[in-house]
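Take a look at the structure set out below.
In this text, all values refer to a predicted model and were calculated from it rather than measured experimentally. We're numbering straight along the sequence, starting at 1.
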Amino acid sequence: MEIPLDLARTLAAVVDAGTFDAAARDLLITPSAVSQRVKQLEQRLGRVLLVRTKPVRPTDAGAAVVRLARQLALLEHDALAAFGAGDAASARPTSVPLAVNADSLGTWFLPALAALAERHRVVFELHRDDQDFTAALLESGTVMGAVTSQATPVSGCLVRPLGVMRYEAVATPAFVARWLPDGARPAALAAAPRVDFDRRDDLQAEYLRELGVDVEHPARHFVPASNDFATAVKLGLGWGLLPGFQSTYDLERGELVRLGGRPVDVPLHWQQWNLGSPLLDAIAEGITAEARTALA
């Protein structure tokens with residue numbers, strides 16, 4: 001059984017674009033041709049590869065084919081680049097999907113990508129998720145590399161340490177005066193509103209557990225964007241854990257104060273497909289170098 005490369009690429013284009021019509025525009029063919037290619041591939045493999053929702057999503061079998069298409073595209077780029085034809089032979093830059101946690105994306109991650117884009121004909125498709133969940137995007141084949149808290153390599157992947165992102169509990173002086181006038185005691189923290197990124201964010205809960213506080217109290221704001229999360233804390237909406245990137249300046253100016261307690265350290269790792277790809281290795285080197293400087 002063989003998987004024709006053109007059909008696999010078409011399937012990946014549909015998954016990336018979300019609809020057959022959008023994929024047709026990207027591939028410069030008709031939607032009917034896109035549909036026929038996907039059906040042909042499904043018939044050849046004897047598997048349903050797409051769930052026809054809006055947006056479409058791959059089945060487990062479809063995800064395996066999409067992963068293959070991404071790997072082949074990356075290896076093709078490397079082969080062309082090896083004899084100096086990479087840019088000239090391709091009408092489009094190579095698309096590299098990566099996963100990253102919100103705080104890294106909002107602080108140190110983008111400068112690394114900007115430097116890489118200057119040296120390589122590449123575009124990045126970023127998937128943002130909590131560092132505890134980005135590794136799942138590697139397993140599904142959605143991304144080629146990920147910033148993750150998982151130190152154990154995902155099957156078929158390589159892993160290298162990036163550093164530690166340290167978070168401290170902070171709030172505005174006015175917030176402390178209103179909600180924590182006698183300090184960050186468990187009873188006061190149980191009543192004081194906090195800011196969480198989303199319902200899967202466990203950082204504030206981890207801090208509270210260390211202090212013996214009930215983490216299920218209802219006074220929670222949800223602000224699912226890194227910079228907006230920091231802004232919410234700085235405006236006094238609630239207390240929260242911020243990395244030094246987002247709090248040092250305000251702490252020095254007295255616009256934020258530390259609540260005390262043990263900082264929460266989150267070790268970060270870089271995981272990528274084990275393909276022996278010069279491009280993917282260059283991306284890993286750039287991201288690792290930036291992280292080790294920023295997270296030192």
Side-chain angles (χ1 to χ4, degrees), residues 98-113 126-139 142-143 145-154 157-171 184 189 194-213 215-216 220-234 238-251 256-272 283-284 286-296:
L98 304 174
V100 58
N101 61 306
D103 286 336
S104 293
L105 180 60
T107 52
W108 63 266
F109 191 74
L110 288 178
L113 300 192
L126 300 183
H127 297 255
R128 187 192 67 190
D129 206 341
D130 186 271
Q131 63 271 0
D132 293 336
F133 302 99
T134 49
L137 297 173
L138 272 173
E139 292 177 308
T142 302
V143 300
V147 176
T148 173
S149 60
Q150 184 172 320
T152 303
V154 171
C157 291
L158 301 173
V159 61
R160 61 175 74 186
L162 294 177
V164 174
M165 186 168 279
R166 168 162 288 188
Y167 294 80
E168 290 188 288
V170 296
L189 282 171
R194 75 179 193 253
V195 183
D196 279 352
F197 188 86
D198 57 25
R199 295 186 184 277
R200 296 193 299 180
D201 179 11
D202 198 46
L203 279 180
Q204 282 68 228
E206 182 178 342
Y207 173 83
L208 291 174
R209 291 189 195 100
E210 285 279 337
L211 299 176
V213 179
V215 300
E216 299 303 327
R220 301 164 68 190
H221 302 287
F222 296 101
V223 184
S226 180
N227 290 330
D228 294 337
F229 179 100
T231 298
V233 174
K234 294 173 185 180
W239 67 270
L241 282 102
L242 296 181
F245 299 103
Q246 295 177 323
S247 63
T248 299
Y249 179 72
D250 298 277
L251 287 166
L256 287 176
V257 295
R258 294 180 175 88
L259 300 187
R262 182 184 304 175
V264 177
D265 287 342
V266 179
L268 296 177
H269 304 269
W270 173 253
Q271 294 210 34
Q272 68 182 55
I283 292 170
I287 289 173
T288 301
E290 184 71 29
R292 287 177 177 167
T293 298
L295 302 178

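Residues meeting the salt bridge (charged side-chain N to carboxylate O under 4.0 Å, His left out) test with Asp202, sequence neighbours left out: Arg209. Residues satisfying the salt bridge (charged side-chain N to carboxylate O under 4.0 Å, His left out) test with Asp129, not counting sequence neighbours, are Arg200. Residues passing the ring-ring contact (aromatic ring centres under 6.0 Å, His included) test with Tyr207 are Trp239, sequence neighbours excluded. Applying the side-chain hydrogen bond (donor to acceptor under 3.5 Å, both in side chains) criterion to Glu168, with sequence neighbours excluded, gives Arg258.
Within the 4.5 Å cutoff, the side chain of Lys234 has heavy atoms near those of the Leu256 side chain. Counting only heavy atoms from C-beta outward, the side chains of Leu126 and Leu110 approach each other to under 4.5 Å.
Looking at Val147, Leu137, Leu113 one by one, the single match for side-chain contact (heavy atoms from CB on, under 4.5 Å) with Leu98 turns out to be Leu113.
Across every non-hydrogen atom of Cys157 and Pro153, the tightest pair is O-CB, 3.6 Å. When every heavy atom of Leu189 is checked against every heavy atom of Ala184, the shortest pair comes out as CD1-O, 3.7 Å. What you find for Phe229 and Phe197 is that their closest heavy atoms are CE1-N, 3.5 Å. The shortest heavy-atom contact between Val215 and Leu208 is CG1-CB, 3.8 Å. In plain terms, the two heavy atoms of Ala135 and Thr148 that are nearest each other are CB-OG1, 3.8 Å. Residues Ser226 and Asp103 share a closest heavy-atom pair of OG-OD1, 2.8 Å.
Remark: side-chain polar atoms of Ser149 are paired, donor with acceptor, to backbone N or O of Gln131 under 3.5 angstrom.
For the atom pair CG of Asp196 and CZ of Arg199, the computed distance is 9.5 Å after rounding to the nearest 0.5 Å. In this structure, CG on Asn101 lies 8.0 Å from OG1 on Thr107, to the nearest 0.5 angstrom. With rounding to the nearest 0.5 angstrom, the OG1 atom of Thr142 is 6.5 Å from the NE2 atom of His127. Taking OH of Tyr167 as the start and CD of Gln246 as the end, the distance is 8.0 Å to the nearest 0.5 Å. A distance of 4.5 Å separates CZ of Arg262 from CD of Glu210, quoted to the nearest 0.5 Å. Once rounded to the nearest 0.5 Å, the distance linking CZ of Arg128 with CZ of Phe109 reads 13.5 Å.
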Side chains of residues 263-272: which donor-acceptor pairs under 3.5 Å do they make with residues two or more places apart or in other chains?
residue, atom, partner, partner atom, Å
Asp265, OD1, Arg166, NE, 2.7
Asp265, OD2, Arg166, NH2, 2.8
Trp270, NE1, Gln272, OE1, 2.9
Gln271, OE1, Val154, N, 2.8
Gln271, NE2, Gln150, O, 2.9
Gln271, NE2, Thr152, O, 3.0
Gln272, NE2, Asp281, OD1, 3.0

Quiz: residues 287-296 side-chain donor-acceptor pairs under 3.5 angstrom, not counting sequence neighbours:
residue, atom, partner, partner atom, Å
Thr288, OG1, Ala284, O, 2.7
Thr293, OG1, Ala289, O, 3.2

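The number of heavy-atom neighbours closer than 6.0 Å to CZ of Phe222, taken from other residues, nucleotides and ligands shown, is above 12.
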